[in-house]
Visitor: 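What follows is a single structure, and I will ask about it in a moment.
Being a predicted model, the structure only gives us computed values, none of them experimental. Order of appearance sets the numbers: ligands from 1, and atoms from 1 within every ligand.
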Amino acid sequence: MIIAVDGPAASGKGTIARALAAHYHLPHLDTGLLYRAVGVATARAGLNPDDEAQAARCTEITPGLLDDPELRSESAGSLASRVSRHPAVRAALFAYQQDFAHQSGGAVLDGRDIGTVIAPEADAKLFITASAEVRAKRRHLEDSHADYAAILADIQARDARDAGRSAAPLRQAEDADLLDTSDLTIAAAVQRAIALVEARIRR
Ligand code: CDP
């Protein structure tokens, strides 16, 4: 069984994807980490993340690379969003994600284009969302030293970049179930996600 979980930053998609993977005993891939790895590698090599050819030179995913704690930083998130606009970068990461999705037994993948581009044939697709203000508050709780207004502005800028780009823009697949987590606790959101997947696989 392949489960695709897409949505904007801090919507809860990562938490929900991990919980679904545990519930169904499936391996999980956070595809955002791939773009974060490319963004960080590009910056470390002194190359320009906004230049397609330069970023595309840094797309090799070596073992252990995705465990680098640096990938979790806000700056890695911004770099990811810049390199992820480039079709050559997306194309270079395509096979890795498809292979992960099609391993025997299935998988859960979360990202921006899993249900639309990477695994349109997924058995269940969830599109997780929440208001920009709620998402900024969640990020602020994780890092109270950061400025709330700056986080909100960053989330809005990232949303605009992710939804407005021409290569695999963030959008809900036609056959995806929408789950708005703005007013839900984590436990309630996970419960609702499992119920949506169950309803899909029964159909
Ligand atoms: O946790 P958060 O949503 O902030 O970040 P992420 O999921 O790690 O994604 C970081 C950036 O990578 C996003 O802003 C997207 O631009 C990009 N991304 C993408 O284009 N396609 C994916 N499948 C996953 C991430």
Side-chain angles (χ1 to χ4, degrees), residues 2-18 28-43 49-50 52 55-56 58-59 61 65-101 107-120 122 125-132 134-143 146 150-173 176 179 181 186:
I2 301 175
I3 304 177
V5 183
D6 289 303
S11 56
K13 64 181 185 309
T15 303
I16 288 172
R18 274 191 302 279
H28 165 235
L29 178 65
D30 169 359
T31 64
L33 282 179
L34 302 174
Y35 295 92
R36 285 169 180 260
V38 175
V40 168
T42 304
D50 299 314
E52 178 160 19
C58 303
T59 52
I61 305 299
L65 179 65
L66 303 183
D67 302 323
D68 183 346
E70 165 67 18
L71 300 189
R72 311 268 167 193
S73 68
E74 279 301 314
S75 70
S78 292
L79 285 166
S81 146
R82 287 162 66 187
V83 297
S84 69
R85 283 174 37 233
H86 307 311
V89 169
R90 307 201 72 87
L93 298 176
F94 183 78
Y96 185 98
Q97 297 174 81
Q98 274 226 319
D99 289 349
F100 193 93
V108 180
L109 287 84
D110 76 80
R112 300 290 193 287
D113 63 340
I114 309 305
T116 50
V117 175
I118 303 297
K125 300 181 186 180
L126 299 178
F127 192 83
I128 315 295
T129 183
S131 72
V134 166
R135 290 185 284 126
K137 267 188 212 135
R138 288 178 185 162
R139 282 285 146 93
H140 192 235
L141 280 177
E142 286 168 11
D143 178 9
I151 297 176
L152 178 61
D154 179 64
I155 281 193
Q156 286 167 334
R158 198 118 72 84
D159 283 358
R161 246 192 331 254
D162 290 351
R165 69 185 177 210
S166 51
L170 172 68
R171 67 173 178 84
Q172 182 179 349
L179 175 51
T181 66
I186 291 177

Visitor: Side chain, backbone, both or neither: which part of Arg112 has a heavy atom under 4.0 Å from ligand 1?
Guide: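 For Arg112, backbone and side-chain atoms both sit under 4.0 Å from ligand 1.
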Visitor: Heavy-atom contacts with Asp113 under 4.0 Å: which atoms of ligand 1 show up? List them by number with element.
Guide: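 It comes down to these atoms of ligand 1: 23 (N).
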Visitor: Do any N/O atoms on Arg139 end up under 3.5 angstrom from N/O atoms on ligand 1?
Guide: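 For ligand 1, there is an N or O atom that lies under 3.5 Å from one belonging to Arg139.
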Visitor: I'd like to know whether Phe127 forms a side chain to side chain contact (heavy atoms under 4.5 Å, CB included) with Leu170, so could you lay out the CA-CA distance, the side-chain angles of the two residues, the decisive distance to 0.1 Å, and finally the verdict.
Guide: CA-CA 10 Å; Phe127 192 83; Leu170 172 68; 3.8 Å; yes
Visitor: What part of Arg72 sits under 4.0 Å from ligand 1 if we count only heavy atoms: the side chain, the backbone, both or neither?
Guide: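 Contact part for Arg72 vs ligand 1: neither.
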Visitor: Number the atoms of ligand 1 from 1 as they appear, then name those within less than 4.0 Å of a heavy atom of Ala80, with their elements.
Guide: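 Within the 4.0 Å cut-off of Ala80, ligand 1 contributes 10 (C), 11 (C), 12 (O).
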Visitor: With a 3.5 Å distance limit and no angle check, can you tell me whether Arg171 reaches the backbone of Ala163 through a side-chain donor-acceptor pair?
Guide: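 No, because the side chain of Arg171 does not come within donor-acceptor range (under 3.5 Å) of the backbone of Ala163.
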Visitor: For atom 5 (O) of ligand 1, which protein heavy atom lies nearest, and how many Å away is it?
Guide: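 The closest one turns out to be Arg36 NH2, 3.0 Å.
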Visitor: Backbone or side chain, does any N or O of Lys13 fall under 3.5 Å from an N or O of ligand 1?
Guide: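 Min N/O separation from ligand 1 is below 3.5 Å for Lys13.
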Visitor: Salt bridge check: are Asp154 and Arg139 linked by an N-O gap of less than 4.0 Å?
Guide: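 Between Arg139 and Asp154 there is no salt bridge, as every charged N stays at least 4.0 Å from the carboxylate O atoms.
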Visitor: Minimum heavy-atom separation for Arg138 to Ala130, with atom names?
Guide: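 Between these two residues, the closest heavy atoms are NH1-CB, 3.9 Å.
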Visitor: Checking Leu79 against Val38 for the side chain to side chain contact (heavy atoms under 4.5 Å, CB included) test, could you report, in this order, the C-alpha distance in whole Å, the side-chain angles of both residues, the deciding distance, and whether it holds?
Guide: CA-CA 8 Å; Leu79 285 166; Val38 175; over 6 Å; no
Visitor: For ligand 1, is any non-hydrogen atom under 4.0 Å from Arg165's backbone (N, CA, C, O), its side chain (CB onward), both, or neither?
Guide: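 Side chain only.
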Visitor: Do you know which two heavy atoms are closest between Gln97 and Tyr35, and how far apart they sit?
Guide: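 Nearest heavy atoms, Gln97 then Tyr35: NE2-OH, 3.7 Å.
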Visitor: Test your reading of the structure: does Gln97 have an N or O sitting under 3.5 Å from an N or O of ligand 1?
Guide: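 Between Gln97 and ligand 1, no N or O pair is found under 3.5 Å apart.
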Visitor: With atom 25 (C) of ligand 1 as the reference point, say which of Ser84, Gly32, Ala76, Ala163 has the nearest heavy atom.
Guide: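 Ranked by closest heavy atom to atom 25 (C) of ligand 1, first place is Gly32.
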Visitor: Between Ser81 and Arg158, does any side-chain donor sit less than 3.5 Å from a side-chain acceptor?
Guide: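 Judged by distance alone, the side chains do not pair up.
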Visitor: Regarding atom 24 (C) of ligand 1: of the candidates Leu79, Thr31, Asp6, Asp162, which has the closest heavy atom?
Guide: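 Ranked by closest heavy atom to atom 24 (C) of ligand 1, first place is Thr31.
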Visitor: Among all protein heavy atoms, pick out the one at the shortest distance from atom 10 (C) of ligand 1; state its residue, atom name and that distance to 0.1 Å.
Guide: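 The closest one turns out to be Arg158 NH1, 3.6 Å.
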Visitor: Would Arg90 count as a contact residue for ligand 1, given that I'm defining contact as a non-hydrogen atom of the residue lying under 4.0 Å from a ligand atom?
Guide: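 Yes, Arg90 has heavy atoms under 4.0 Å from ligand 1.
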Visitor: Does any donor atom in the side chain of Thr129 or Arg135 lie under 3.5 Å from an acceptor atom in the other side chain?
Guide: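 No, no side-chain donor-acceptor contact under 3.5 Å.
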Visitor: Go through ligand 1 atom by atom and flag the ones less than 4.0 Å from a non-hydrogen atom of Ser81.
Guide: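 Listed by number with element: 11 (C), 14 (O), 16 (O).
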Visitor: Under 4.0 Å from ligand 1, counting heavy atoms only, is it the side chain of Arg161, its backbone, both or neither?
Guide: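 Neither part.
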Visitor: So, His28 and Asp110: side-chain donor and acceptor under 3.5 Å apart, yes or no?
Guide: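 Yes.
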Visitor: Which atom pairs, donor and acceptor, lie under 3.5 Å between side-chain atoms of residues 3-12 and protein residues at least two apart or in another chain?
Guide:
from: Asp6; atom 1: OD1; to: Arg112; atom 2: N; distance (Å): 3.2
from: Asp6; atom 1: OD1; to: Asp113; atom 2: N; distance (Å): 3.1
from: Asp6; atom 1: OD1; to: Ile114; atom 2: N; distance (Å): 2.9
from: Asp6; atom 1: OD2; to: Ile114; atom 2: N; distance (Å): 3.3
from: Asp6; atom 1: OD2; to: Gly115; atom 2: N; distance (Å): 2.8
from: Ser11; atom 1: OG; to: Pro8; atom 2: O; distance (Å): 2.8

